[in-house]
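See structure below.
Atom set for the values below is all heavy atoms of this structure, side chains included, hydrogens, waters and symmetry mates excluded. Position 1 is the first residue of the sequence, and the numbers go up from there.
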Amino acid sequence: QVQFVESGGGLVQAGGSLRLSCAASGSTFVFRSNAMGWYRQAPGKQRELVADISTSGTIHYADFVRGRFTISRDNAKNIVSLQMNNLNVDDTGDYYCSTGRYFGSRFSGVYWGQGTQVTVSS
């Protein structure tokens, strides 16, 4: 079992920044041995992968955030973060931390956090 606690969401104006954090815990969950990712779900839309980071630090970004968002992990603190810069209204949604596995180079989440809400105003 693994539990995630996301934080850092909120209301921000377009062009602004937010930093999301996800703290992972679990008696049998070894953070450094697991790939991590961030998903988001906009109102009325399906959940979509934003970024992922492997155990070795290999990173993938969705095209719609590349150059604006940065994913990172701190294995000593069991935290994965998402720095979001130059936000726009299309970034509004609930952001979820996840651990999962890779199918080829594509990350697929298996366990999820409860999410943190991000609202970008124009």
Side-chain angles (χ1 to χ4, degrees):
Q1 282 282 10
V2 58
Q3 294 83 40
F4 299 121
V5 178
E6 296 107 329
S7 61
L11 174 64
V12 63
Q13 286 190 328
S17 299
L18 285 173
R19 185 176 180 85
L20 306 183
S21 292
C22 170
S25 62
S27 60
T28 60
F29 182 73
V30 182
F31 182 82
R32 65 180 180 274
S33 299
N34 284 274
M36 300 296 298
W38 284 96
Y39 284 77
R40 73 183 186 187
Q41 187 167 18
K45 295 187 177 181
Q46 290 191 338
R47 191 173 296 185
E48 57 187 357
L49 179 64
V50 174
D52 57 86
I53 183 168
S54 73
T55 57
S56 64
T58 300
I59 291 171
H60 301 100
Y61 293 104
D63 288 343
F64 52 78
V65 303
R66 188 173 290 113
R68 300 188 298 124
F69 290 12
T70 302
I71 188 172
S72 60
R73 64 188 298 158
D74 185 338
N75 290 336
K77 297 181 179 179
N78 290 3
I79 290 175
V80 59
S81 300
L82 186 69
Q83 177 67 41
M84 306 187 297
N85 298 329
N86 195 21
L87 287 160
N88 59 61
V89 294
D90 291 333
D91 295 317
T92 294
D94 293 321
Y95 284 70
Y96 299 88
C97 171
S98 176
T99 189
R101 58 183 298 179
Y102 287 98
F103 294 90
S105 61
R106 180 161 180 82
F107 179 84
S108 180
V110 176
Y111 296 103
W112 309 83
Q114 294 301 307
T116 185
Q117 189 173 54
V118 172
T119 303
V120 184
S121 63
S122 59

Could you walk me through whether Gln83 and Ser72 satisfy the side-chain contact (heavy atoms from CB on, under 4.5 Å) test, starting with their C-alpha distance in whole Å, then the side-chain angles of each, then the deciding distance to 0.1 Å, before giving a yes or no? CA-CA 8 Å; Gln83 177 67 41; Ser72 60; over 6 Å; no
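- Between atom OG of residue Ser54 and atom CZ of residue Arg73 there is a gap of 7.5 Å, rounded to the nearest 0.5 Å.
- Not less than 6.0 angstrom separates the ring centroid of Phe69 from the ring centroid of Trp38.
- Taking every heavy atom of both residues into account, Ile79 and Ser21 meet most closely at CG2-CB, 4.4 Å.
- Looking at Thr55, its side chain never comes within 3.5 Å of a backbone N or O of Ala35 through a donor-acceptor pair.
- When the options Arg47, Lys45, Glu48 are evaluated for a side-chain contact (heavy atoms from CB on, under 4.5 Å) with Arg40, the one that passes is Glu48.
- Minimum heavy-atom separation, Val120 to Asp91: CG2-CB, 4.3 Å.
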Derivation and outcome, side-chain contact (heavy atoms from CB on, under 4.5 Å), residues Tyr61 and Arg68: CA-CA 10 Å; Tyr61 293 104; Arg68 300 188 298 124; over 6 Å; no
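- Other residues, nucleotides and ligands place no more than 12 heavy atoms under 6.0 Å from the CZ atom of Arg32.
- Between Cys97 and Met36, some side-chain heavy-atom pair lies under the 4.5 Å cut-off.
- In terms of heavy-atom proximity, Phe29 sits nearest to Ala24 at CE2-CB, 3.8 Å.
- Ring geometry for Tyr102 versus Phe107: interplanar angle over 60°, hence perpendicular rather than tilted (30 to 60°).
- Under the 4.5 Å side-chain contact rule for hydrophobic residues, Val12 and Phe64 share a cluster.
- Note: the hydrophobic cluster containing Tyr111 also contains Ile71 (ILVMFWY, side chain heavy atoms under 4.5 Å, direct or indirect links).
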Stepwise side-chain contact (heavy atoms from CB on, under 4.5 Å) test for Glu6 and Tyr95: CA-CA 8 Å; Glu6 296 107 329; Tyr95 284 70; over 6 Å; no
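- Residue Thr99 holds its OG1 atom at 4.0 Å from CG of Asn34, rounded to the nearest 0.5 Å.
- Nearest heavy atom pair, residue Val65 against residue Val50, reads CG2-O, 3.6 Å.
- Both Ile53 and Val2 sit in one connected hydrophobic cluster of ILVMFWY residues. Membership requires side-chain heavy atoms under 4.5 Å apart, directly or through other members.
- No single ILVMFWY cluster, assembled from side-chain heavy atoms under 4.5 Å apart, contains both Met84 and Val89.
- Under the 3.5 Å distance criterion, the side-chain polar atoms of Arg101 are left unmatched by any main-chain donor or acceptor of Val110.
- Here Gln41 contributes atom CD and Gln117 contributes atom CD; the two are 12.0 Å apart, rounded to the nearest 0.5 Å.
- Between Gly113 and Phe4, the closest heavy-atom pair is N-CD1, 3.6 Å.
- Val80 is connected to Leu82 through a chain of hydrophobic side-chain contacts under 4.5 Å among Ile, Leu, Val, Met, Phe, Trp and Tyr, so both are in one cluster.
- Heavy atoms of other residues, nucleotides or ligands lying less than 6.0 angstrom from CZ of Arg19 number more than 12.
- Of all non-hydrogen atoms in Pro43 and Gly93, the two that sit nearest each other are CD-CA, 4.4 Å.
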